Trainee: 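One structure, as structure tokens, below. Some questions next.
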Amino acid sequence: MAKGQVAITVERCKGCGFCVEFCPTHVLALSSAFNSKGYHPPHVVSGEKCSGCDLCGMYCPDFAIFGARHAR
Amino acid sequence: MSEAILDIPLDSTKTAINPVEPYLRMDRMPHIWCPGCGIGTTVNCFARALESSGLNLDKVAIVSGIGCTGRVAGYANLDSFHTTHGRAIPFATGLKLSNPELQVVVYSGDGDLFAIGGNHFIHAARRNMDIKVICVNNLTYAMTGGQTGPATPTEVISATSPYGVFEPSFNLVQLAEAAGASYVARWTTYHVKQLSRSMEEVLHKKGFCFIEVLSPCPTLYQRRNKMGDGLDAMKFYKEVSKVRHGAPTSECALTRAGEIVVGKFVDRDRPDYLELLNRQMTATLGDRYATPEVTCSEG
């Protein structure tokens, strides 16, 4: 199972793609769907690979995504 | 799959709270920065540095000038000051001298700190005033339309230099070191972990500390120079930046497409302004010198 998971606030996203590019385990991809402002937010494509490192959360300029690790 | 018990409570992705939210005024979000702008990333790192520093947030104040980065004071959930153009450091100096308990952070852009407020910067560094200066350098005056600023590298096209900038630019880290700063570092928005650690370090260091953060400006800098969007700038930083701690700052000048030297360049201890003031006054006046009482602190 995945070590962690990401939470995305779709409406706050501006679609810059930083999280998608710099995710070390390539969990995310930009979605083809739009949010209400017309941006493409990221979505989880391979959630089982998420390590919960929260690097996406550190890169996000819009505070729209973060990762969390499951407590063991 | 076992029950999802998380380090950070995450009952469902709909109700989850981002760990930086307590440090920001979320009622003001979404912020005004463009898609691909790196200022949000630096604020994110700053919020995490505040979290890990363990400082009492009632004793931290943030001061900004004018410009894109000047908006940070309005978004940080701290006591904040959005001052006139270029005067962030004088306001911060006054704040620090009247209430020395406060940890004063100046968060502003390259145009505000080095063009309009350039003189204030060098004098605060000379006096080793105990303030922490974080300069988000997007290499242009972004809010007013992308004019040539003091940090714009040569050969770059800007709104006021349609044939390319011919003036030499400031090397901000060299300027800070020469003026006498106690701590000088440079990172880019690509180096989030290092930047956050550096910010945490300066929050615990005494004296004038300066961190320069290179940030993408897709709308006004990169568009004119055909440098792509914010993500392309981040990939560029990843490609060309070299970490060289303690490198001589004179070798760290920025060019349009050349190597970006990042790292911690200076970390030295000098007596700060308040210490020197108290030392001299005590030596001269002895018992007649009373340390000014702080009247505006809590309790």
Side-chain angles (χ1 to χ4, degrees), chain A residues 1-24 26-31 33-72, chain B residues 1-26 28-49 75 189-197 215-216 218 229-235 237-238:
Chain A
M1 62 159 279
K3 286 188 195 154
Q5 72 183 82
V6 290
I8 303 165
T9 314
V10 169
E11 286 307 316
R12 227 182 272 155
C13 177
K14 288 180 187 163
C16 65
F18 290 178
C19 53
V20 176
E21 176 70 24
F22 297 116
C23 175
H26 309 290
V27 169
L28 301 159
L30 281 186
S31 147
F34 296 98
N35 66 11
S36 66
K37 295 260 164 64
Y39 296 112
H40 293 289
H43 67 148
V44 176
V45 286
S46 39
E48 74 287 349
K49 287 197 273 183
C50 181
S51 66
C53 67
D54 196 26
L55 200 63
C56 51
M58 288 200 87
Y59 273 110
C60 183
D62 295 278
F63 320 107
I65 189 170
F66 69 96
R69 198 162 279 158
H70 295 286
R72 292 275 166 191
Chain B
M1 191 172 154
S2 63
E3 293 76 34
I5 310 157
L6 303 169
D7 289 337
I8 301 162
L10 188 61
D11 303 328
S12 98
T13 48
K14 294 244 164 42
T15 57
I17 300 289
N18 194 316
V20 297
E21 284 189 20
Y23 301 91
L24 301 167
R25 299 181 198 196
M26 292 315 287
R28 297 195 173 200
M29 297 293 156
H31 53 58
I32 61 151
W33 299 312
C34 307
C37 172
I39 301 174
T41 305
T42 69
V43 175
N44 209 327
C45 295
F46 181 64
R48 281 155 204 270
Y75 295 127
T189 47
Y190 168 70
H191 301 89
V192 280
K193 292 268 180 195
Q194 295 93 323
L195 173 61
S196 187
R197 212 173 300 138
S215 162
D229 59 10
L231 188 56
D232 290 316
M234 294 286 262
K235 288 179 190 162
Y237 293 155
K238 185 180 177 182

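On a predicted model such as this, the values are computed, not experimentally measured, just so you know. Letters A, B, ... are given to chains in the order of the sequence lines, protein chains preceding strands, and every chain is numbered from 1.
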Trainee: What I'd like to find out is whether the side chain of A:F66 reaches to under 4.5 Å of the side chain of B:P19, using heavy atoms alone.
Mentor: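 A:F66 vs B:P19: side chains touch.
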
Trainee: Over all heavy atoms of both residues, which pair between A:F18 and B:G36 is shortest? Give the atoms and the distance, please.
Mentor: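 Nearest pair, atom of A:F18 first, then B:G36: CZ-O, 3.6 Å.
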
Trainee: How many angstroms lie between atom CG of B:N18 and atom CD1 of A:I8, to the nearest 0.5 angstrom?
Mentor: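 The CD1 atom of A:I8 is 12.0 Å from CG of B:N18, to the nearest 0.5 Å.
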
Trainee: What part of B:V20 is in contact with chain A, defined as an atom under 4.5 angstrom from a non-hydrogen atom: side chain, backbone, both or neither?
Mentor: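 For B:V20, side-chain heavy atoms alone lie under 4.5 Å from chain A.
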
Trainee: Nearest 0.5 Å please: distance from the CZ atom of A:F22 over to the NZ atom of B:K238.
Mentor: 6.0 Å

Trainee: Whether the side chain of B:K193 engages the backbone of A:M58 through a donor-acceptor N/O pair (distance < 3.5 Å, no angle test) should be reported.
Mentor: no

Trainee: Rounded to the nearest 0.5 Å, how far does CE of B:M29 lie from CZ of A:R12?
Mentor: 7.5 Å

Trainee: Measure A:I65 against the heavy atoms of chain B and call it side chain, backbone, both or neither at under 4.5 Å.
Mentor: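 Contact with chain B involves the backbone of A:I65 alone.
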
Trainee: Could you tell me which non-hydrogen atom of A:K14 sits nearest to which non-hydrogen atom of B:H31, and how far apart they are?
Mentor: NZ-O, 3.0 Å

Trainee: Are the side chain of B:N44 and the backbone N or O of A:G57 linked by a donor-acceptor pair below 3.5 Å?
Mentor: yes

Trainee: Does any N or O in the side chain of A:Y59 come within less than 3.5 Å of the main-chain N or O of B:T189, such that one atom is a donor and the other an acceptor?
Mentor: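 Flag not set: sc A:Y59 to bb B:T189 has no pair under 3.5 Å.
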
Trainee: Which bit of B:L24 is near chain A, if near means a heavy-atom gap under 4.5 Å: side chain, backbone, both or neither?
Mentor: side chain

Trainee: Which heavy atom of A:K37 sits nearest a heavy atom of B:P30, and at what distance?
Mentor: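 Closest pair (atom of A:K37, atom of B:P30, distance): NZ-CG, 3.9 Å.
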
Trainee: Under a 4.5 Å cut-off applied to non-hydrogen side-chain atoms, are B:M234 and A:C16 in contact?
Mentor: no

